[in-house]
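A quick write-up on the structure given underneath.
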Amino acid sequence: MIVPLNALRPGDRGIVVNILGGPTARQRLVGMGLTPGATVQIIESHQYGPIIISVGGVRFAIGRGMAAKVMIRKL
Amino acid sequence: MMKVIALAGNPNVGKTTIFNALTGLRQHVGNWPGVTVEKKEGILEYKGQKFLVVDLPGTYSLTAHSIDELVARDFLLKGSADVVVNVIDATALMRNLFLAMEILEMGLNNVIIALNKIDLAEKHGIEINVKRMEEVLGVPIVAMSAKEGAGLDELKEKIHLMANGMLKERPVIPQYDPEVEREIEHIMAVLKGTELGEEYNLRWLAIKLLQRDDGVIKLILRHLGSEKLDEIMGHIAEVEERYKRAMDLIIASQKYEFIDRLMHRFVRYTKVEGESFSDQLDRFLTHPVYGLLILFGVFYLMFKFVFAVGLPLQGYLDDAFTAFGEWLAPHIANEALRGLLVDGIIAGVGSVLSFFPLVFLLFLALSVLEDVGYMARAAVVMERIMRKFGLPGKSFIPLVLAFGCNVPAVMATRTLDDERDRLLTMLVNPLIPCSARLSVISFLAGAFFASHQALVAVSIYATAVLLALLVAWLLSRFVIRGEESPFIIELPEYLIPSWKTVTLHSWERSKEFIKKAGTIILLGSMAIWYLSSYPVQMGTGGSYAERLGMFFEPYMRLMGLDWKAAVSLLFGIIAKENVISTYGIIYGSEEAIVGAMTPLQAYVLGMVTTLYVPCIATIGAIRAESNWKWATFTVVYMISLASLVGILIWNVGTALGY
């Protein structure tokens with residue numbers, strides 16, 4: 001099942017399959033390690049505001065708008 | 001010529017610690033030519049040879065989008081460094097090797113990898129065979145724990161060897177799928193006939209063109225013409241069609257796959273990590289409710305500390321300057337010169353310089369919070385609130401700094417990676433009441449509102465902060481429009497800060513404050529002194545300052561104030577605490593001031609002092625960080641806002657019978 005990152009719940013894990021959106025945002029994510037093939041785990045997610053995720057041993061906070069553009073295959 | 005050593009790496013990898021360890025106190029900070037990106041340089045001396053160490057801005061990749069990335073990339077690309085030390089964080093190898101691969105892909109043959117935080121990696125169960133890693137990557141690697149000082153000597157030795165041509169490397173570079181490689185070769189073949197080959201690594205250019213890098217597209221357009229470029233771009237679109245993905249994503253993910261394959265040859269993970277203490281702490285600290293409460297607590301304690309320690313120091317310094325002036329006065333025979341030196345320069349510059357302890361302590365406290373790793377969490381908590389006003393959560397830090405002093409706060413907007421966010425934060429920054437305005441507010445609140453002192457002070461602060469948010473919202477809506485920057489921030493590992501790094505950093509930051517005081521405020525103080533001493537002493541009604549004040553009196557009357565307020569506010573432009581000291585000069589005593597104004601007038605004065613024109617040093621900082629246009633804009637909008645609020649409060653207050 002492929003869903004946007006913001007649809008996952010805390011504790012969920014998934015693999016990035018694609019990143020939509022403009023090149024600037026996309027390349028920023030990629031440089032930080034959020035690239036197709038990477039495994040993502042959701043640490044914390046509240047109704048509003050950034051989502052806390054962990055990728056490759058590093059934690060990030062990512063805005064909801066951005067997260068909606070990261071497509072994930074849920075594990 | 002000194003050999004140049006460049007330090008490159010991701011943010012939060014310990015680059016600064018290594019830089020400080022290599023250069024000690026022999027470093028200075030400036031700006032890269034033409035841009036406001038911090039340029040840190042220092043001298044390393046090893047075995048009798050001196051090296052110039054340049055700390056490049058921390059970046060995640062060299063796909064140039066921000067000024068930071070562009071600066072780092074141009075420096076490396078131009079071959080300005082004899083040795084490039086790529087600092088990488090052993091606990092986040094995958095991502096750090098991404099930048100390493102981008103550096104090696106440029107065709108650089110002078111790279112040393114400093115594998116930092118190796119002790120931390122072991123603790124996390126990441127076992128790295130450094131010898132193997134060296135073979136696989138084909139570059140010298142130094143395992144380090146910079147905080148403990150481990151590996152520093154080996155790093156210096158390798159820098160020394162490589163800079164003198166005694167250490168060679170054969171770096172590995174990423175290989176992509178055959179289809180992508182074919183594209184790369186095709187572009188390289190086309191570029192071969194041009195002069196580009198002499199200046200750049202063709203493979204690097206080809207890869208960047210595939211990624212549609214703006215700078216590289218322009219470069220190639222100039223050398224190939226649009227027809228050939230279009231043909232290449234057409235090719236790229238076809239490949240993307242087959243992959244069903246944008247080319248920059250294809251290249252990035254294949255680069256990560258390549259790195260993954262390399263890593264299997266030298267890394268072993270010995271334990272699977274469950275939820276760590278950091279994860280739990282993060283859930284708590286970034287929580288919309290608890291996180292916000294903690295944030296207020298942390299910043300309350302911080303200000304408490306800064307003022308508890310800083311205010312007495314400020315008092316001593318202020319006394320010292322006064323004493324110095326009094327000591328100097330009898331030694332100068334010429335009356336005009338004595339006035340200029342003692343009442344103008346020493347009193348003026350001294351009153352501003354006495355704020356130095358406050359500024360330094362604030363920077364110290366913030367550096368500690370930053371190094372502990374808390375600031376990133378604070379930005380996450382504030383993101384929820386500030387985004388509603390068009391500001392990113394990250395601008396919270398410069399805005400908090402402004403409570404201490406607007407000048408370093410304006411400079412701190414450099415940490416924002418988006419130009420629009422930077423400008424917005426800079427323009428609303430002076431609305432946040434700095435410690436100079438605190439002195440005015442607390443004087444007026446104390447003298448006129450004995451029973452409601454705190455309430456009055458808080459209401460002025462709250463109004464200023466709310467107006468700052470409102471103005472940010474208006475500006476982002478109507479003046480500085482443009483796409484909101486995406487929010488993504490790394491939450492670095494919690495760490496105990498290194499005192500050396502923290503103190504050095506705070507000193508570097510607050511030094512700029514002294515520089516400003518030394519120049520702009522010096523000139524301003526001289527101007528004040530002149531206006532208030534000629535053609536006759538102030539207090540007689542005939543000085544230039546008083547005449548100016550009377551000129552503005554009709555305007556001041558709209559908000560219930562008189563010419564004396566105009567003079568005070570005028571002098572407050574130099575430094576806001578002048579507002580009260582000028583009143584002091586005009587009236588002679590505190591009782592006289594209290595007798596001359598109603599509480600409502602005092603309240604209006606406090607509010608207007610807080611909101612109108614920032615001090616000269618802040619205007620100067622805004623100009624330096626942007627341009628004259630925005631500096632002027634800030635002055636105009638703030639005067640208008642202050643007048644509006646002043647007139648409103650006066651009229652509503654009078655109507656209500658105060």
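Since this is a predicted model, take the numbers as computed values, not measurements. Below, chain A is the first sequence line, B the second, and so on; all start at residue 1.
Of the two parts of A/Val30, the backbone and the side chain both hold a non-hydrogen atom closer than 4.5 Å to a non-hydrogen atom of chain B. Only the side chain of A/Met66 comes within contact range of chain B, with heavy atoms under 4.5 Å apart.
Among A/Gly31, A/Gly11, A/Gly33, A/Gly49, the residue making the largest number of heavy-atom pairs under 4.5 Å with chain B is A/Gly31. When the candidates B/Val380, B/Ile385, B/Leu249 are compared by the number of heavy-atom contacts under 4.5 Å with chain A, B/Leu249 comes out ahead.
Listed by chain and residue number, nothing satisfies the ring-ring contact (aromatic ring centres under 6.0 Å, His included) test with B/Phe258 (two or more places apart in sequence, or in another chain).
No side-chain heavy atom of A/Leu8 sits less than 4.5 Å from a side-chain heavy atom of A/Ile51. No side-chain heavy atom of B/Phe396 sits less than 4.5 Å from a side-chain heavy atom of B/Val381. Proximity of A/Ile52 to B/Leu491: side-chain heavy atoms (C-beta onward) are separated by under 4.5 Å at one or more points. Looking at heavy atoms from C-beta onward, B/Leu292 lies in side-chain contact with B/Met382 at the 4.5 angstrom threshold. Residues A/Ile72 and A/Val17 form no side-chain contact, since every pair of their non-hydrogen atoms from C-beta on lies 4.5 Å or further apart.
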B/Met247 and B/Val180: side chain to side chain contact (heavy atoms under 4.5 Å, CB included), yes or no, with the steps? CA-CA 9 Å; B/Met247 200 62 182; B/Val180 178; 4.2 Å; yes
Listing needed: what donor-acceptor pairs below 3.5 Å join chain A with chain B?
from	atom 1	to	atom 2	distance (Å)
A/Val17	O	B/Arg245	NH2	3.2
A/Arg26	NE	B/Asp248	OD1	2.8
A/Arg26	NH2	B/Asp248	OD1	3.3
A/Arg26	NH2	B/Asp248	OD2	2.5
A/Gln27	OE1	B/His65	NE2	2.5
A/Val30	O	B/Tyr256	OH	2.8
A/Gly33	N	B/Tyr256	OH	3.2
A/Tyr48	O	B/Arg384	NE	3.0
A/Arg59	O	B/Leu491	N	2.8
A/Arg59	NH1	B/Ser278	O	3.4
A/Arg59	NH1	B/Asp282	OD2	2.9
A/Ala61	N	B/Ile489	O	2.8
A/Ala61	O	B/Ile489	N	2.9
A/Gly63	N	B/Phe487	O	2.7

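From B/Leu62, atom CG reaches atom CG of B/Leu77 across 9.0 Å, with rounding to the nearest 0.5 Å.
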